[in-house]
Amino acid sequence: MPDAMAAPLFDVANRAASPPSLLRRALGFARQRHWVFSAGVVMFAIVLLMLCCAHWLTPYDPAAQSLLQRLQGPSSRHWLGTDHLGRDQLSRLLVGGHFAIIIAAVTLVLSAVIGTVIGVISARQGGFVDEITMRIVDLLISFPDVVVAIFLIALMGPGYGTLIVALTVVSWTPFARLARGLAIEINAKSYIRAAEILGCSRRFIILRHIIPNAIRPLAAMGFLRFGHKLITVGGLSFIGLGVQPPHADWAAMMASSQPYLERAPLLVICPGLAIFLTALSVTWIGQGLETKRKTAGDQA
């Protein structure tokens, strides 16, 4: 009888001692953040879900033209109308964010990795290496992304590879500056001194202590910069240097529909609204990562 009573108590103790699941930890983290974080995650998840399922959601072929149905208003057949070539606006809107978001994401990942590695190494080395690295960062950060991108595209020609390289050339500098500052702050901690006394290698200290403790601020900057990169890619596509036809792109759709703004304003409003909401969602995620929800104790 005592054994039968001890078994449930033992199971309850095991469940209490077991670590929470990944989903529970994610929900707990979201509850600790400001409301803008949850709103941004929901908005961005909806955008990604629509883009991933665009192949099944598009009612028509985004590239199919029908000049007899050009510049039609919203109807039961075309919910958002048609453009100047008779293409379904809803279908093009659903697939129009693929290339811009992919280019912005790849550029951001490359910039974050390059900038973090350079910034952390600069902080750990110090001295002449740190001074030269920071002067290079100061030089590159003074050039606007769009100007550098236009210059490189003029030299190398338009294309996805050129666009990614052009946007990465100067985009790593904010990450390098932030990573350097975080690494200098973390280097002053007592556990770093203890690791050095114990004979831990420089690579171990960087990978085990510095980078894990700097992940959250770098991730917050990454989401904030993602919205900036998305708008930059859109600006280049708007002037014809980004995503090239026949691929659908939100900014390119705005540029091609600008002459028909008075007759069919939805052709410009819908892609512009898609760019705005996507950039706003990732910006909210970045802001929410560094902003905790205020509790009654905090307010007191």
Side-chain angles (χ1 to χ4, degrees), residues 103-193 195-196 200-236 239 241-242 279 282-283 286-287 289-290:
I103 291 172
V106 172
T107 301
L108 189 68
V109 170
L110 292 176
S111 302
V113 172
I114 295 172
T116 301
V117 171
I118 293 177
V120 171
I121 293 177
S122 176
R124 288 293 297 175
Q125 291 288 344
F128 180 75
V129 174
D130 183 41
E131 185 69 22
I132 292 298
T133 303
M134 287 301 101
R135 297 296 75 78
I136 294 175
V137 169
D138 292 338
L139 177 63
L140 292 177
I141 208 170
S142 63
F143 292 100
D145 296 2
V146 176
V147 174
V148 176
I150 292 175
F151 176 73
L152 292 179
I153 290 173
L155 292 178
M156 304 168 61
Y160 303 126
T162 304
L163 198 58
I164 292 173
V165 171
L167 293 176
T168 307
V169 165
V170 293
S171 298
W172 61 269
T173 51
F175 291 97
R177 185 181 291 276
L178 177 61
R180 175 182 176 271
L182 293 171
I184 292 175
E185 180 182 353
I186 296 170
N187 278 332
K189 302 295 183 181
S190 57
Y191 56 84
I192 299 294
R193 296 289 179 264
E196 292 174 345
C200 296
S201 65
R202 183 174 299 172
R203 178 182 300 178
F204 177 84
I205 292 175
I206 291 175
L207 297 178
R208 180 65 178 83
H209 295 293
I210 296 179
I211 292 181
N213 285 285
I215 283 294
R216 185 178 295 179
L218 290 170
M221 171 174 275
F223 279 105
L224 293 172
R225 298 290 297 177
F226 185 89
H228 177 266
K229 289 300 161 199
L230 186 64
I231 295 175
T232 303
V233 173
L236 292 173
I239 61 177
L241 297 178
V282 292
T283 301
Q287 292 177 346
L289 281 175
E290 289 300 300

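FYI, side chains are in, hydrogens and waters are out, and symmetry mates aren't considered; it's all heavy atoms of this structure.
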In Å and rounded to the nearest 0.5 Å, what is the CG to CD1 distance from L167 to I153?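 Those atoms lie 7.0 Å apart.
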Got a second to check how far L163's CG is from M156's CE, nearest 0.5 Å?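 One finds 10.5 Å between CG of L163 and CE of M156.
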Mind jotting down which residue pairs meet the side chain to side chain donor-acceptor pair (under 3.5 Å) criterion with at least one end in residues 161-175? Sequence neighbours excluded, please.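 Pairs touching residues 161-175 that pass the test: S171-K229.
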Going by side chain to side chain donor-acceptor pair (under 3.5 Å), name the pairs with one or both residues in residues 132-144, residues two or more places apart or in two chains.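 For residues 132-144: E131-R135, R135-D138, D138-R177.
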Taking all atoms of both residues into account, what is the closest heavy-atom pair of L230 and A279, and its distance?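 For L230 and A279, the tightest heavy-atom pair comes out as CD2-N, 4.0 Å.
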Give the minimum heavy-atom separation between A166 and V148, together with the two atoms involved.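 Heavy atoms of A166 and V148 come nearest at O-CG1, 4.1 Å.
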Which residues pass the side-chain contact (heavy atoms from CB on, under 4.5 Å) test with I136, sequence neighbours left out?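 For I136, the residues satisfying side-chain contact (heavy atoms from CB on, under 4.5 Å) (neighbours in sequence not counted) are I132, L140.
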Looking at residues at least two apart in the chain, or sitting in another chain, which of them share a side-chain contact (heavy atoms from CB on, under 4.5 Å) with L182?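 L182: side-chain contact (heavy atoms from CB on, under 4.5 Å) contacts with L178, E185, A214, P217, L218.
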Please examine the side chains of F223 and Q287, heavy atoms only from C-beta on, and report whether any two atoms are closer than 4.5 Å.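 Q287 vs F223: side chains apart.
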Does the side chain of I239 come within less than 4.5 Å of I150's, by heavy atoms?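 Sidechains of I239 and I150: in contact.
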Between side-chain atoms of residues 105-115 and protein atoms elsewhere (two or more places apart, or another chain), which donor-acceptor pairs fall under 3.5 Å?
from, atom 1, to, atom 2, distance (Å)
T107, OG1, I103, O, 2.7
S111, OG, T107, O, 2.7

Partners meeting side chain to side chain donor-acceptor pair (under 3.5 Å) with S122 (sequence neighbours left out):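 Only D130 meet the side chain to side chain donor-acceptor pair (under 3.5 Å) criterion with S122.
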